[in-house]
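Counting starts at 1 for both ligands and their atoms, in listed order.
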Amino acid sequence: MNLTERDSQCLWHPYTQHKTAAPPVAIARGEGALLWDDQNKEYIDAIASWWVNPFGHSNRCIADAIYKQLTTLEHVLFGGFTHEPAILVAEKLLQILPDNQKKIFFSDNGSTAVEVAIKVALQYFYNLGKKRTTIIAFENAFHGDTFAAMAASGISFYTQAFQGMFIDVVRIPVPVKGEEQASFDALRERIKTNNCAGFIFEPLVQGAAGMVMYEPEALDQLIQICKENNVLTIADEVMTGFGKTGKTFACDYIKEQPDMMCLSKALTGGTIPMAITTFTQELFDGFYSDDINKALFHGHTFTANPTGCAAALASMELLQTQEMQENIARVHRSHLDFQKKIQLHPKVTTTRVLGVIFALEIKTEDHASYYGTLRNKLYDFFIENGVILRPVGNIVYILPPYIITEKQLQKVYQVVEKAIEIA
Ligand SMILES: *Cc1c(COP(=O)(O)O)cnc(C)c1O
């Protein structure tokens, strides 16, 4: 039996209807922006393996840091104990985060980073003796698959089986260009008619919705409205963090600062599962008390895993190198050139670029569903042509590792152009 057949005997994959899905591609190794399957066929990883891998597969520098940490201290419980790798990650992050962020809380994936932020928003008001139990979120948001994160998510594929079992969430439209006012008005109205504790949002780019983008000024306005009403703000930077938008964080584009930030994905350069939620001093102080019941009773066994911390430290150092910053700028320029060319194509309705993120929408007769026929046709075409891209409905997006070579990137564009023809 080959790997794919053995897989089908024993594995259950995420986001997969096994009855109709094509068998998974068995990947044997990776280097830089490239992956090879078990038949040695080469693929360009044009989505950085679900947006986690900015510095390339099997990165030597991160691997060395991990190895060194593994052979020094691989794990120690974080309740009642601490260690230097965690302190170093926190110190380093506080240097690069918006300067109102003062406390770092570890967990192990994007959903838990969000889960922690939502629980802190709710408990903050509970600790104050105030009844604020509703969370505000965008339409078509994606914040993860655990229960509170899922409640905040607005894409029905992920949530429909669980309707009626969620914490209270109210939605507002995304302030895309020309529709900002409706979003501001909805936010004011929701705050007026609900006991809102917090507003969670993907800053500037909604990843899973298909790289839907909106302007920093609109986000500033929404955060201002929340501040006027004492509603906490949560920037879910799980996707946008660590350079994807061209700045270290999407929140670096705005004037306001959120109360909390959620980080994961590129945090460890795509090596070790780890996540962080960051907080203002005021939020931390809301739990600081002689009363043990006011503490945050949330934790995970692998919280602040030292090996993950070592990977995160090495990743942040890589991100800050001039070489990596130049890579980000180069990918961005190439995206702009490709945008200029492809936006005139009669089958392309819109294009969007921010940092290393590129997205285009293909004109379709009818509404293209999230995991529909067109999406599958495009996906299969990309795989056949040795490029890994996962379209969302009729939206094709590119979010490559920053170290992708110019030649590899041009090949991705060419395959995308060809795909538009067959769509
Ligand atoms: C991927 C993602 C999450 C969930 O992260 P997981 O590690 O998959 O749990 C949450 N928020 C955003 C914006 C994401 O892109």
Side-chain angles (χ1 to χ4, degrees), residues 12-16 47-54 105-121 135-155 157-159 162 166-167 169 171 174 198-214 219 233-245 248-251 253 258 260-278 298 300 302-303 305 308 311-312 315 352 354-357 359 370 390-392 395 397-400:
W12 192 343
H13 285 260
Y15 309 124
T16 302
I47 52 167
S49 284
W50 269 344
W51 323 334
V52 299
N53 193 311
F105 189 94
F106 284 96
S107 62
D108 36 36
N109 61 72
S111 304
T112 56
V114 167
E115 208 75 19
V116 168
I118 291 176
K119 283 175 74 175
V120 164
I135 298 294
I136 308 163
F138 279 138
E139 283 162 9
N140 285 323
F142 182 76
H143 297 292
D145 294 335
T146 55
F147 249 82
M150 187 168 53
S153 298
I155 300 172
F157 259 104
Y158 301 99
T159 60
F162 309 99
F166 292 136
I167 58 163
V169 173
R171 286 190 199 287
V174 183
F199 167 42
I200 185 164
F201 52 87
E202 295 158 272
L204 308 192
V205 192
Q206 288 189 300
M211 304 298 159
V212 172
M213 298 181 187
Y214 60 95
L219 183 53
T233 51
I234 305 167
D236 178 355
E237 294 240 17
V238 168
M239 188 282 282
T240 48
F242 304 103
K244 308 253 179 60
T245 63
T248 306
F249 301 106
C251 285
Y253 284 93
M260 299 178 234
M261 288 171 72
C262 306
L263 308 171
S264 187
K265 295 215 162 100
L267 171 63
T268 62
T271 56
I272 293 190
M274 171 164 268
I276 284 173
T277 315
T278 73
H298 185 107
H300 298 279
F302 278 96
T303 291
N305 170 256
S315 295
R352 306 184 272 275
L354 183 66
V356 304
I357 307 167
Y370 206 86
R390 281 174 69 93
V392 175
I395 301 167
Y397 72 83
I398 306 169
L399 200 171

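Side-chain contact check for I395 versus R352: some heavy-atom pair is nearer than 4.5 Å.
Annotation: ligand 1 has protein neighbours W51, N109, G110, S111, F142, H143, G144, E202, D236, V238, M239, K265, each with a heavy atom less than 4.0 angstrom from the ligand.
Taking the centre of each ring, Y15 and Y158 come in below the 6.0 Å mark.
Counted by atom type alone, T112 and E115 present zero donor-acceptor pairs between their side chains at under 3.5 Å.
When all heavy atoms are compared, the tightest approach of E237 to T240 is OE1-OG1, 2.9 Å.
T277 contributes a side-chain N or O that, together with a main-chain N or O of A113, makes up a donor-acceptor pair within less than 3.5 Å.
Not counting sequence neighbours, the partners of T159 by the side-chain contact (heavy atoms from CB on, under 4.5 Å) test are M150, S153, Q163, F166.
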